[in-house]
Amino acid sequence: MTDAQSPKKRGCFFYGCITSMVLLLVVAVGVYMAYRFVIGKVDEYTDTEPMELPTLLLTQTELEELNERLSEFGDAVREGEATEPLVLQGEEINALVANEEEFRDHVYLTIEDDEVKGQISLPLDQLGFKGRYLNGAAGFRVVLQNGNLAVNVTAVEVKGKPFPEEFMQQLRAKNMAEGATEDPEVRAVLEKLESITVEDGKLTITPKAIPVPEEP
């Protein structure tokens, strides 16, 4: 995807709200798994080659329409203007993924019913395992209510094998969004939102209602 095709960056609002709260959390889970489980079992749970992930399917026209919707929604929320919820499907989120160099070719997201599914192929060089890759998939539930963001893992597979249940119990109990929501900029975004939901194969970001001024 060229720079002209990519949705323009809109600062913390979109890349904090969508990428950090969904995409970055997928990557965080991968790194967390690598630290807590893969270390000591590198040969069993990592590969010497990256996994090939699906490619982006949006057309140039669809990318331009996505960019326009992101811009209009972000501008309205920042300015405190009433606007409809922003609804994103999996391929639209992957357009944002492809715009981030550190995630391009390493993460691919889909939305199935009420879950975000992520395929990941993460190089582990920075963890000291040069030439090894964590290839797998994970499922997540994402919800924002009353200003509280929760991202919880539902399932994890590595090299086609599910993680042991005793380890999954630890992962399911952990809210992967805790660290992200401590960031002041992210908190500022959350304060402008009524909810984030994943339902019927779509991610919906609903802004808080704008109070109607009373007539004098």
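Only a predicted model underlies this, so the values are computations on that prediction, with no experimental measurement involved.
Partners of Glu166 by salt bridge (charged side-chain N to carboxylate O under 4.0 Å, His left out), not counting sequence neighbours: none found. Residues satisfying the side chain to side chain contact (heavy atoms under 4.5 Å, CB included) criterion with Thr48, sequence neighbours excluded, are Arg132. Checked against salt bridge (charged side-chain N to carboxylate O under 4.0 Å, His left out), Asp114 has the following partners two or more places apart in sequence or in another chain: Arg141. Taking the side-chain hydrogen bond (donor to acceptor under 3.5 Å, both in side chains) definition, one finds that Asn152 meets it with nothing, sequence neighbours left out. For Glu112, the salt bridge (charged side-chain N to carboxylate O under 4.0 Å, His left out) criterion is met by Lys117, not counting sequence neighbours. For Glu68, the side chain to side chain contact (heavy atoms under 4.5 Å, CB included) test picks out Glu72, with sequence neighbours left out. Every side chain to side chain contact (heavy atoms under 4.5 Å, CB included) that Ala76 has, sequence neighbours left out, goes to Glu81, Thr83.
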Please walk me through it: do Leu86 and Leu70 pass side-chain contact (heavy atoms from CB on, under 4.5 Å)?
-> CA-CA 8 Å; Leu86 177 67; Leu70 292 176; 4.0 Å; yes
What do the steps show when you test Glu165 against Arg172 for salt bridge (charged side-chain N to carboxylate O under 4.0 Å, His left out), and what is the final call?
-> CA-CA 10 Å; Glu165 183 58 29; Arg172 292 190 189 104; 2.7 Å; yes
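Considering CG of Leu66 and CD of Gln89, their distance stands at 11.0 Å, rounded to 0.5 Å. Lys208 contributes atom NZ, which lies 9.0 Å from atom CG of Leu190 (distance to the nearest 0.5 angstrom). Here Lys159 contributes atom NZ and Glu44 contributes atom CD; the two are 8.0 Å apart, rounded to the nearest 0.5 Å. The distance from the CG atom of Leu109 to the CG atom of Leu88 is 11.5 Å, given to the nearest 0.5 Å. Here Ile196 contributes atom CD1 and Leu149 contributes atom CG; the two are 5.5 Å apart, rounded to the nearest 0.5 Å.
Exactly one residue among Asp105, Asp47, Asn135 makes a side-chain hydrogen bond (donor to acceptor under 3.5 Å, both in side chains) with Ser121. That residue is Asn135.
Taking both residues in full, the closest heavy atoms of Leu63 and Ala95 are given as CD2-CB, 3.8 Å, listed atom of the first, atom of the second, then distance. Smallest separation of non-hydrogen atoms from Gly90 and Ile111: N-CD1, 4.2 Å. For Tyr133 against Glu49, the heavy-atom pair with the smallest separation is CD1-C, 3.6 Å. Shown here for Phe73 and Pro207, the closest heavy-atom pair between the two residues is CE1-CD, 3.8 Å. Closest approach of Ile120 and Val107 over heavy atoms only: CG2-CG2, 4.3 Å.
Proximity of Glu91 to Glu62: side-chain heavy atoms (C-beta onward) are nowhere separated by under 4.5 Å. Using a 4.5 Å cut-off on side-chain heavy atoms (C-beta onward), Pro54 and Gln119 make contact. With contacts defined as side-chain heavy-atom distances shorter than 4.5 Å, the pair His106/Pro123 qualifies. Looking only at side-chain heavy atoms (C-beta outward), Gln60 and Glu64 come within less than 4.5 Å of each other.
For residues 120-129, there are no salt bridge (Lys or Arg N to Asp or Glu O under 4.0 Å) pairs, not counting sequence neighbours.
Think of Leu57 as one node in a network of Ile, Leu, Val, Met, Phe, Trp and Tyr side chains linked at under 4.5 Å; it has no links at all. Think of Leu53 as one node in a network of Ile, Leu, Val, Met, Phe, Trp and Tyr side chains linked at under 4.5 Å; its network also takes in Met51, Tyr108. Through side-chain heavy atoms spaced under 4.5 Å, either directly or across other Ile, Leu, Val, Met, Phe, Trp or Tyr residues, Val87 is tied to no other residue.
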Please tabulate, for side-chain N and O atoms in residues 199-206, each donor-acceptor pair with protein atoms closer than 3.5 Å (sequence neighbours left out).
none

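Val153 and Val143 fall into different hydrophobic clusters, where Ile, Leu, Val, Met, Phe, Trp and Tyr residues are linked whenever their side-chain heavy atoms come under 4.5 Å apart, directly or through other members.
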